[in-house]
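Reviewing the structure listed below.
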Amino acid sequence: MAPVIERHVYFDHSATTPVDPEVVEAMLPFFTGTFGNASSIHSFGQKAKVAIEDARRQVAGLIGAEPSEVVFTSCGTEADNWAIKGSAYFFEGKKKHLITSMVEHHAVLFTCNYLHQHGFDVTYLPVDKFGMVSPASVAEAIREDTFLVSVMHANNEVGTINPVQEIGAVCRERGVLFHTDAVQTVGKLPIAVHDMNVDLLSLSGHKFYGPKGVGALFMRRGLQLGKLIHGGHQERDRRAGTENVAGAVGLGKAAELCQTRLDEDERRLAKLSGDLFSKLREVISGVYLNGHESQRLPGILNISFDGVANDSLMQNLDLKGIAVSGGSACNSGMAETSHVLNAMGLPMNLMVSAIRFSLGRSNSEEEIDYTVPALREIVERLRGMNKGKKVLTAP
Ligand code: PLP
């Protein structure tokens, strides 16, 4: 019989967040009474259109953009694809080089790989031991035919925050477009797109207590991109497809709520994650923090527990109702290491033992006090079982 899990602790807010009840409430009318198609000219359509434009203002307000600079997409992945492929399509035949980093989310990395397979040149910048990209390495990599630099705002695995303002300044000086994947930072850190020197910025609703299936791309005013999706004239002829009205409304409401809660959320999460890490270090040996100590998202802690495989750790935590995610994935007994930790130069023993805690609004000190002894017991048990096994003592 499967064990009964008595309680649940969710430490995976970077994977997704629960939808805020106020967001759900704001969305509900758009599934029923206010169901119009925003492109219709009658009153049903116009109500939907007004709601979308209100939502656009709310999203723009959170990132310091003009409403007309915000285009709704189906998710962060689409926003990333559009920023990168859209730039490539626009410059096709004129410029063929783009720059990204080795630690990007697959939504960026695989899009760049795709363009490489289709004749574009891609430079993948290395990072330092904290997972950070240096503006100097960007400056050095820019060529005459470079059209785009895409470097993420903060990393989703280790939380390290990149110096995007400086990277943007380099790009601006050299006349190159700058895109940042801010899927992990929007709603968590203050964002002012114009101060950050970005031309394109991706965000996603489900990472900041909004619904899944809706995101947005900030496109600096006057910027032209090739289209990713062809069809109708929606979104000022920039992205075709009947608008996801309820999704946009939810994204807008989530953005508005984040604007009011940002400072408090940031302070609370920094305190909680600081406490979690120091309490873990007090009771467990061989515990290492991956990523930057201070230039890090307040809610993300990527920690290696030397001598323990992260998949066993995650399964055992799950049995206690504690949800975390892995810094690397294990497949058929073969450790497939994280491209992020790899690029940071972590030794194998720390890569295969890394897990990510990502904290959010629902977490409390009491949950930390439940988690720390649970982890201690699991780590001690697994270390005892694994003594002398090769995979866990690799260099
Ligand atoms: N970029 C980063 C940094 C992410 O963390 C994620 C999701 O985990 C994405 C992009 C993709 O966003 P979405 O899930 O909305 O497609």
Side-chain angles (χ1 to χ4, degrees), residues 10-19 23 59 62-63 70-86 100-114 124 127 131-133 150-162 164 167 179-189 191 196 198 200-218 228-229 239 241 244 247-248 250-252 254-255 258 291-292 296-302 323-329 338-341 343-344 355-360:
Y10 186 72
F11 284 138
D12 204 11
H13 291 83
S14 289
T16 197
T17 52
V19 183
V23 170
V59 175
L62 181 65
I63 60 171
V70 172
V71 190
F72 292 113
T73 62
S74 65
C75 57
T77 300
E78 185 193 322
D80 284 342
N81 268 261
W82 187 16
I84 297 166
K85 288 184 195 152
T100 189
S101 83
M102 291 166 79
V103 298
E104 300 295 312
H105 189 272
H106 286 154
V108 167
L109 273 183
F110 289 175
T111 304
C112 291
N113 295 354
Y114 168 85
Y124 298 91
V127 291
M132 201 179 278
V133 177
S150 178
V151 172
M152 68 202 316
H153 191 192
N155 184 268
N156 48 298
E157 287 190 31
V158 294
T160 298
I161 300 169
N162 276 313
V164 285
I167 293 172
H179 164 246
T180 193
D181 174 343
V183 165
Q184 290 293 343
T185 53
V186 169
K188 294 166 198 158
L189 295 179
I191 306 269
M196 284 163 72
V198 296
L200 295 152
L201 176 145
S202 309
L203 61 93
S204 174
H206 73 105
K207 306 291 186 183
F208 57 96
Y209 307 93
K212 293 173 183 59
V214 64
L217 180 65
F218 157 78
L228 192 65
I229 299 178
R239 185 205 181 248
N244 174 4
L251 184 69
C258 278
H292 204 281
R296 207 183 60 242
L297 272 175
I300 292 187
L301 276 180
N302 188 303
V324 299
S325 76
S328 63
S338 143
H339 69 285
V340 175
L341 301 183
M344 288 163 57
I355 57 173
R356 179 188 70 181
F357 296 84
S358 49
L359 281 62

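Every number for a ligand or one of its atoms is a count from 1 in the order of the listing. Nothing fancy with the numbering, it's 1 onward along the sequence.
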Distance from atom 4 (C) of ligand 1 to nearest protein heavy atom, with residue and atom: His105 CD2, 3.2 Å
Counting heavy atoms under 4.0 Å, the part of Cys75 that contacts ligand 1 is both
Whether His339 side chain and Glu104 backbone form a donor-acceptor pair below 3.5 Å: yes
Do ligand 1 and Val183 have nitrogen or oxygen atoms that lie under 3.5 Å from each other? no
Quick one: closest heavy-atom pair of Cys258 and Leu62, and the distance? CB-CD1, 4.1 Å
Side-chain donor/acceptor of Lys207 to backbone N/O of Ala15, under 3.5 Å: yes
Looking at Ser358, is its backbone amide N or carbonyl O close enough to the side chain of Ser14 to form a donor-acceptor pair, meaning the two atoms are under 3.5 Å apart? no
Lys85 charged N/C atom sitting above Tyr114 aromatic ring, 6.0 Å / 45°: yes
Just let me know how Asp80 lines up against ligand 1, side chain, backbone, both or neither, with a heavy-atom cut-off below 4.0 Å. side chain
Verify side-chain hydrogen bond (donor to acceptor under 3.5 Å, both in side chains) between Arg356 and Ser325, making sure each step is shown before the conclusion. CA-CA 5 Å; Arg356 179 188 70 181; Ser325 76; 3.2 Å; yes
Examine the proximity of ligand 1 to Lys207 and report which part, side chain or backbone, both or neither, has a heavy atom under 4.0 Å away. side chain
Give the ring-plane orientation class for His13 versus Tyr209, where under 30° counts as parallel, over 60° as perpendicular and anything between as tilted. tilted
protein heavy-atom neighbour closest to atom 15 (O) of ligand 1 works out as Ser204 OG, 2.6 Å
Sort out for me which residue in Asn162, Val103, Val108 forms a side chain to side chain contact (heavy atoms under 4.5 Å, CB included) with Val151. Asn162
For ligand 1, which is the ligand I care about here, please tell me if Ser14 has any N or O atom under 3.5 Å from one of the ligand's N or O atoms. no
Tell me whether ligand 1 is touched by His206 - counting only heavy atoms on the residue side and a distance under 4.0 Å. yes
Counting heavy atoms only, which part of Glu78 comes closer than 4.0 Å to ligand 1: side chain, backbone, both or neither? neither
Is it the case that the side chain of Thr185 and the backbone of His153 share a donor-acceptor pair, with hydrogens and angles ignored and the cut-off at 3.5 Å? no
Tell me, which protein residue and heavy-atom name are nearest atom 11 (C) of ligand 1, and how many Å apart are they? Thr77 OG1, 3.4 Å
So, 4.0 Å and heavy atoms of Lys212: is ligand 1 close enough to count as a contact? no
Which residue and non-hydrogen atom of the protein lie closest to atom 5 (O) of ligand 1, and at what distance in Å? Gln184 NE2, 2.7 Å
Distance from atom 10 (C) of ligand 1 to nearest protein heavy atom, with residue and atom: Asp181 OD2, 3.5 Å
